[in-house]
Amino acid sequence: MDYQFKDIEQKWQQFWADNGTFKADNSSAKPKYYVLDMFPYPSGAGLHVGHPLGYIASDIFARYKRLKGFNVLHPMGYDSFGLPAEQYAIQTGQHPLVTTEANIATYRRQLDQIGFSFDWSREVRTSSPDYYKWTQWIFMQLFNSWYNKDADKAESIAKLVEHFEKNGSAGINAVCDEEVLSFSADEWNAMDNRAQQNELLKYRLTYLRESTVNWCPALGTVLANDEVKDGFSERGGYPVEQKKMMQWSMRITAYAERLLQGLDTIDWPEPLKEMQRNWIGKSTGASVKFPIEKTAQNLQSATHFIEVFTTRVDTIFGVTFLVIAPEHELVAELTTPEQKAEIQAYIDQTKKKSELDRMADAKTVSGAFTGSYVRNPLNDELVPIYIADYVLAGYGTGAVMAVPSGDQRDFLFAKHFNLNIVPILDTQDITTEADPTKEGKYINSDFINGLTYKEATAAVVAKLEELGAGRAKINFRMRDAIFGRQRYWGEPVPVYFKDGLPHLITEQELPLLLPEVDKYLPTESGEPPLGRATNWKHPEGEYELSTMPGWAGSSWYWYRYMDAHNDAAFASKEAIEYWKDVDLYIGGSEHATGHLLYSRFWNKFMKDIGLVVEEEPFKKLINQGMIQGRSNFVYRLVDDEGRGTNTFISHGLIGQYKTSPLHVDVNIVENEVLNTEKFKKWRDDFANAEFILENGKYICGVEVEKMSKSKFNVVNPDDLCQRYGADTLRMYEMFLGPLEQSKPWNTNGIEGVFKFLRKFWRLFHNDAWEFKVSDNEPSKAELKSLHKIIRKVEEDIERFSFNTSVSSFMIAINELTDLKCNNRAILQDLVVVLSSYAPHICEELWVMLGNEAGSLSYAPYPKFNPTYLVEDEFAYPISINGKTKMNLNISLSLDVSAIEALVRANADVQRYLDGKEPKKVIVVKGRIVNIVV
RNA sequence: GCCCAGGUGGUGGAACUGGUAGACACGCAGGACUUAAAAUCCUGUUCCCGUCAAAGGAGUGCGGGUUCGAUUCCCGCCCUGGGUACCA
């Protein structure tokens with residue numbers, strides 16, 4: 001019987017489901033291997049061909065590892081809290097849960113038909129109460145922890161309280177808010193509970209703090225940076241403003257150094273690590289206190305200095321002014337009466353500017369003089385203080401020391417305001433622009449004159465420390481993560497407020513269920529949607545009304561798969577100690593600074609408090625490339641009045657006509673040739689379409705764009721499974737190119753893969769399509785083909801080069817077809833090797849070869865035997881002077897000198913040598929490859 | 001601007017540590033089988049010059065360099081994609 005992929009695939013998918021073939025065990029004598037995919041958000045559009053790319057790769061790997069004798073955990077689930085379901089709910093009143101479950105059903109059906117070897121018994125959904133119960137529980141652990149810098153790990157807040165009671169704040173080296181108090185044990189004990197709790201909030205790893213957020217009044221919610229485009233909300237296009245709000249935050253900055261260091265211990269793509277490094281943004285430098293000049297301004301404040309952060313403390317003698325951010329807290333105090341109007345005007349102007357304007361204006365110099373001065377702590381010179389929006393309030397101390405000779409922005413600023421520019425290195429050339437060099441010897445720099453960069457930096461830091469005017473300091477760009485969203489479809493924060501103080505609910509009260517609401521919009525008084533819930537009140541106070549952000553549920557989900565049904569813990573200790581961490585994680589690089597960073601943070605925290613065993617959650621990470629859309633166009637003839645006609649011009653001829661391009665459904669185009677009959681049926685108004693053809697065909701135009709419905713370039717895996725089957729789809733997605741490379745989807749080549757599978761099927765059958773294999777001894781040539789592919793596939797899978805494997809399969813099948821190979825032993829091994837790529841057809845053939853159903857998935861991967869690959873004689877390429885090439889037939893048994901003699905005796909070589917001795921004979925790996933004459 | 005990845009036939013791509021560039025597949029052209037179609041099989045297919053063939057020349061974005069030998073290593077430039085954005 002011909003290759004009936006539909007029957008075969010249905011049959012085996014059913015078999016796997018009925019028999020729990022891929023159920024992983026939490027204990028085994030086999031070594032463990034954990035293969036994880038980034039779980040999808042179940043959107044209403046369903047899967048397109050780009051989604052399964054990574055899943056197919058990870059499935060091949062998981063299946064391969066099973067054959068290699070590993071106990072493989074390969075689970076799947078859904079990141080099912082999210083904005084689209086909520087937006088849909090706002091528009092239709094449909095509960096997000098209903099939409100989400102419908103979408104999940106679609107996803108599941110689509111995933112099933114591709115034949116993945118997921119252990120579905122471990123499925124998780126982040127929106128399910130028995131899952132988010134533990135997300136809330138982890139939030140509570142964070143709330144109950146602080147970061148001890150001395151121990152370099154998170155510790156229990158109870159331990160901190162104990163220390164305060166005994167010793168006050170002395171001896172505590174913590175990551176905390178800037179404005180923490182210092183107090184004695186007596187002072188602590190004398191504080192009322194409210195004061196104590198407020199103080200502790202400054203230490204907790206999740207805490208409430210007033211932060212600046214993107215507030216969209218029209219939508220009534222906070223938006224993440226990527227939801228704001230050009231100062232307007234991405235959805236609806238409403239204006240967005242900066243607003244200060246009390247928000248839950250995560251003290252991820254406590255882990256900045258460990259998140260950075262940890263990158264060196266994991267096998268991730270270098271570009272992705274680099275993205276995380278940049279995001280963390282460590283810079284090593286010094287903080288310097290510039291004393292405020294009292295005579296210039298009568299300060300009310302207790303602050304007597306402005307602190308700056310610099311990475312070039314060696315340039316301190318080149319400082320000719322100081323710049324602080326317009327939002328800096330000392331601006332009002334520092335402004336002299338004469339300058340007040342100018343400063344106020346500048347601040348107003350800055351406030352009006354959107355983020356975008358500020359960026360666009362990067363090149364124009366602006367600022368204003370406060371009228372006040374500081375003194376340079378090292379040479380006592382008076383330094384004027386300016387405000388300018390190129391200094392950011394949120395980074396460092398919101399103040400910089402300006403060295404116009406070494407920094408281009410400072411240079412432009414100095415030119416604009418006519419300020420001094422002092423060169424500080426003898427090699428500096430500052431005639432037209434600043435020169436940030438570190439080469440040369442210092443000049444105009446007091447006690448560091450004549451020193452080099454390294455010496456000078458050390459000397460200046462030492463001096464500043466001696467004077468108490470500064471110290472070496474490390475700064476990070478990364479900010480604490482805001483954790484609250486004014487939305488409905490997310491995890492409720494397990495907190496209630498009493499007397500203005502946040503309290504955790506008890507563990508017995510978990511999960512704190514998401515309440516029902518009448519509408520999914522903010523309340524009339526501007527509170528989040530949860531404010532609409534009736535009968536939703538904690539006995540002691542009011543529940544927190546914001547919910548957790550999308551990344552909360554995805555920051556620990558790989559642990560839940562280890563023990564998905566545990567209701568006593570997020571996962572049992574035994575399960576965690578067995579599976580430990582994810583060995584291979586496959587997903588997109590767009591999560592580099594979101595999910596992948598937050599997950600590493602939560603994992604480190606969970607390790608600190610003894611919940612998990614590994615410091616890093618994902619040992620090896622592979623980024624699959626994005627699949628772009630490949631749009632096809634038809635060209636509609638435009639008449640003299642500029643109206644479109646019903647005549648369409650083939651792409652090669654459009655130069656001769658006036659046309660307008662029109663997206664056409666890629667599914668009615670094959671190899672850029674339009675199926676004109678299908679086109680006429682595609683849309684009613686094209687029923688009478690006429691075509692101007694070239695060579696009897698209508699050729700379409702092509703462009704690479706994002707895959708989207710409106711561009712008619714979406715290719716649905718369902719259609720391909722119907723036409724060619726899952727095995728063909730799986731292999732074709734791999735064949736398309738390197739896994740990590742982004743590429744446009746193109747269905748054109750899929751026939752080749754389909755043909756390959758048919759050829760493979762045919763190997764097992766005679767001309768009448770009867771199953772027919774022989775039990776003869778395999779021939780040498782057959783063994784050679786087989787062992788070539790055994791080795792090749794193993795090498796390819798280990799280095800994630802799946803595309804070249806597919807090619808090798810095709811070569812092997814062509815060879816074996818030429819050899820008319822129907823040998824049972826050969827075919828059996830071939831089935832095992834191919835089974836991770838094309839599991840359905842392999843299962844079918846495996847059973848036809850006389851094996852037990854279901855045993856293929858755990859059959860041992862065949863052992864490669866190198867002796868079959870040895871060739872007796874082969875064509876030996878020789879070049880002379882790296883140019884002329886010729887082939888000699890040489891036996892492998894000859895040694896190098898014998899080959900050399902043979903080469904010299906060759907007539908062509910003789911002709912080139914012309915009686916002379918060769919100057920040099922190049923031998924690579926025991927082979928002569930080149931002769932230099 | 002800065003950081004990263006990439007640029008190979010008509011197309012997707014291969015060439016793993018510097019050693020026969022273009023594997024494999026699509027497409028295209030020609031042929032076989034067939035009443036015909038589908039399916040299948042065979043041959044050719046980087047370009048130029050050669051009316052077949054042989055022989056020759058050029059060739060991995062561009063310009064240089066190292067080397068007996070470079071798609072691969074080094075320097076400079078151009079282009080495409082991704083990240084980031086006044087980070088002191």
Side-chain angles (χ1 to χ4, degrees), chain A residues 2 269-279 281-283 285 308-313 315 323 325 355 358-359 361-363 388-392 394-403 406-410 412 475-478 589-590 592-593 623 625-626 628 630 670-673 695 702 704 732 735-738 740-753 755-756 758-759 762 792 795-796 799 801 803-812 814 817 875-883 885-887 918-925 927-933:
Chain A
D2 205 349
E270 202 49 48
L272 196 115
K273 287 194 196 179
E274 203 55 35
M275 268 192 241
Q276 290 210 346
R277 285 193 193 103
N278 289 341
W279 190 262
K282 179 178 181 174
S283 48
V308 304
F309 175 74
T310 177
T311 53
R312 288 295 302 274
V313 74
T315 63
V323 188
E355 280 290 302
R358 241 171 115 153
M359 277 190 271
D361 283 357
K363 272 144 225 137
D389 62 8
Y390 81 79
V391 176
L392 306 175
Y395 182 77
T397 58
V400 301
M401 59 179 224
V403 185
D407 182 286
Q408 186 59 17
R409 285 158 312 167
D410 296 345
L412 293 172
N475 228 345
F476 291 95
R477 199 180 75 120
M478 184 168 67
S589 61
E590 65 271 23
T593 52
N623 290 130
M626 282 236 288
Q628 295 140 308
R630 191 171 181 285
E670 208 160 324
N671 285 314
E672 321 324 341
V673 178
N695 302 326
V702 183
V704 174
Y732 184 60
F735 182 66
L736 210 52
E740 308 200 25
Q741 188 178 303
S742 286
K743 59 234 160 193
W745 177 266
N746 187 346
T747 313
N748 286 348
I750 198 166
E751 293 278 352
V753 174
K755 269 189 230 168
F756 154 76
R758 263 203 309 238
K759 268 190 194 172
R762 186 169 298 135
K792 174 74 171 146
E795 277 174 7
D796 282 349
R799 64 191 174 104
S801 177
N803 54 326
T804 50
S805 271
V806 179
S807 295
S808 302
F809 279 125
M810 292 179 176
I811 295 168
N814 283 339
T817 303
Y876 200 95
I878 306 287
S879 58
I880 293 174
N881 282 343
K883 275 205 134 217
K885 280 146 192 158
M886 64 194 75
N887 284 335
K919 280 189 202 139
K920 208 165 152 194
V921 177
I922 313 291
V923 180
V924 175
K925 292 177 201 160
R927 297 180 178 192
I928 297 170
V929 292
N930 190 33
I931 297 167
V932 186
V933 181

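Protein chains get the first letters and strands the later ones, always in sequence-line order, with residue 1 at the start of each. Computed from a prediction, not measured in an experiment: that's the story for all the values here.
- If you check G76(B) for Watson-Crick or wobble pairing at under 3.5 angstrom, you find it paired to C62(B).
- Rounded to whole Å, the separation between the P atoms of U66(B) and G12(B) comes to 34 Å.
- Met401(A) pairs with exactly one of Thr315(A), Val323(A), Asp410(A) by the side chain to side chain contact (heavy atoms under 4.5 Å, CB included) rule, that one being Thr315(A).
- Between Asn814(A) and Lys759(A) the shortest heavy-atom distance is OD1-NZ, 2.6 Å.
- Atom pair Asp796(A):CG and A15(B):P shows a separation of 8 Å (rounding to whole Å applied).
- One can place CZ of Arg277(A) at 18 Å from C1' of C87(B), the figure rounded to the nearest angstrom.
- Atom CD1 of Ile750(A) and atom C1' of G12(B) are 13 Å apart (whole Å).
- Relative to the side chain of Leu392(A), the nucleotides A25(B), G12(B), A88(B) differ in distance, and A88(B) lies closest.
- A53(B) is unpaired under the criterion used here, namely a Watson-Crick or G-U wobble arrangement in which both key atom distances are under 3.5 Å.
- As rounded to the nearest Å, A70(B) and U20(B) have P atoms that lie 12 Å from one another.
- Summarising the geometry, the separation between CG on Asp410(A) and P on A88(B) is reported as 12 Å, rounded to the nearest angstrom.
- Using a 4.0 Å cut-off between charged nitrogen and carboxylate oxygen, Glu270(A) and Arg277(A) count as a salt-bridge pair.
- In a base pair of the Watson-Crick type (N1 to N3 plus N6-O4 or O6-N4) or a G-U wobble (N1-O2 and O6-N3), with each distance short of 3.5 Å, G69(B) is matched with no nucleotide.
- A 3.5 Å limit on both hydrogen-bonding distances identifies A29(B) as the Watson-Crick or G-U partner of U43(B).
- For Gln741(A), the side-chain atoms get nearest to G13(B) when compared with the rest of G13(B), A25(B), C3(B).
- At the heavy-atom level, Ser742(A) lies nowhere under 4.0 Å from the strands shown.
- Protein atom CZ of Arg799(A) is 8 Å distant from nucleotide atom P of U17(B), rounded to whole Å.
- For U34(B), there is no paired nucleotide, since no Watson-Crick or G-U wobble pair has both relevant distances below 3.5 Å.
- The heavy-atom pair separating Phe735(A) from Ser807(A) by the smallest distance is CE1-OG, 3.6 Å.
- With a glycosidic angle no further than 90° from 0, G9(B) counts as syn.
- Residue contacts shown for Phe735(A) include a base, since a base heavy atom lies under 4.0 Å away.
- Side chain of Trp279(A), nearest nucleotide from G12(B), U84(B), A88(B): U84(B).
- Side-chain proximity of Ser807(A) to C24(B), C41(B), C86(B): nearest is C24(B).
- Pairing of U20(B), defined by two Watson-Crick or G-U wobble distances under 3.5 Å, is not identified with any nucleotide.
- Nearest approach of Val308(A) to Thr397(A), heavy atoms of both residues: CA-OG1, 3.3 Å.
- Base pairing analysis places A14(B) opposite nothing; no Watson-Crick or G-U wobble pair with both distances below 3.5 Å involves it.
- Atom CD in Glu670(A) sits roughly 15 Å away from atom C1' in C28(B) (whole-Å rounding).
- Protein atom CZ of Arg630(A) is 17 Å distant from nucleotide atom P of G81(B), rounded to whole Å.
- Distance check on atom P: U60(B) versus U71(B) gives 7 Å, rounded to whole Å.
- A donor-acceptor pair is defined here as one N or O able to donate and one able to accept, closer than 3.5 Å; no such pair exists between the side chain of Tyr395(A) and the backbone of Arg477(A).
- Rounded to whole Å, atom C1' of G6(B) lies 13 Å from atom CD of Gln628(A).
- Contact annotation for Lys759(A): backbone-only contact, meaning every heavy-atom pair under 4.0 Å involves sugar-phosphate atoms and none involves a base.
- For C87(B), there is no paired base (Watson-Crick or G-U wobble, both distances below 3.5 Å).
- Residue-level contact check: Glu590(A) touches neither bases nor backbone, having no heavy atom under 4.0 Å from any strand.
- Taking 4.0 angstrom as the limit, Arg758(A) places a side-chain polar atom (N or O) nearer than this to OP1 or OP2 of U40(B).
- Here the nucleotide nearest the side chain of Arg762(A), chosen from C16(B), U11(B), U40(B), is U40(B).
- Taking only side-chain atoms of Asn748(A), from C-beta outward, the nucleotide of C26(B), C3(B), A23(B) with the closest atom is C26(B).
- Note on Ser283(A): a side-chain N or O is less than 4.0 Å away from OP1 or OP2 of A88(B).
- Comparing Val673(A) and Met810(A) against RNA chain B, the residue whose closest nucleotide sits nearer the 5' end is Met810(A).
- Asn278(A) has no side-chain polar atom (N or O) that falls below the 4.0 Å cut-off from OP1 or OP2 of C4(B).
- The side chain of Lys755(A) has U40(B) as its nearest neighbour among G12(B), U40(B), A88(B).
- The two residues Pro738(A) and Lys743(A) come nearest to each other via the heavy atoms O-NZ, 2.7 Å.
- Contacts of Pro744(A) with the nucleic acid, taken as non-hydrogen atoms under 4.0 Å apart, are absent.
- Rounded to the nearest Å, the gap between the P atom of G61(B) and that of A15(B) is 16 Å.
- Phosphate contact (OP1/OP2 of A88(B), side-chain N/O of Tyr395(A), threshold under 4.0 Å): present.
- The heavy-atom pair separating Gly398(A) from Val391(A) by the smallest distance is O-CG1, 3.5 Å.
- Taking the side chain of Arg409(A) as heavy atoms from C-beta on, and the options C3(B), C16(B), C87(B), the nearest nucleotide is C87(B).
- Comparing A14(B), C3(B), C24(B) by their closest approach to the side chain of Asn803(A) singles out A14(B).
- Using a 4.0 Å heavy-atom cutoff across all strands shown, Asn475(A) reaches no nucleic acid atom at all.
- For Arg477(A), the listed nucleotide lying nearest its side chain is A85(B); candidates were C24(B), A85(B), A88(B).
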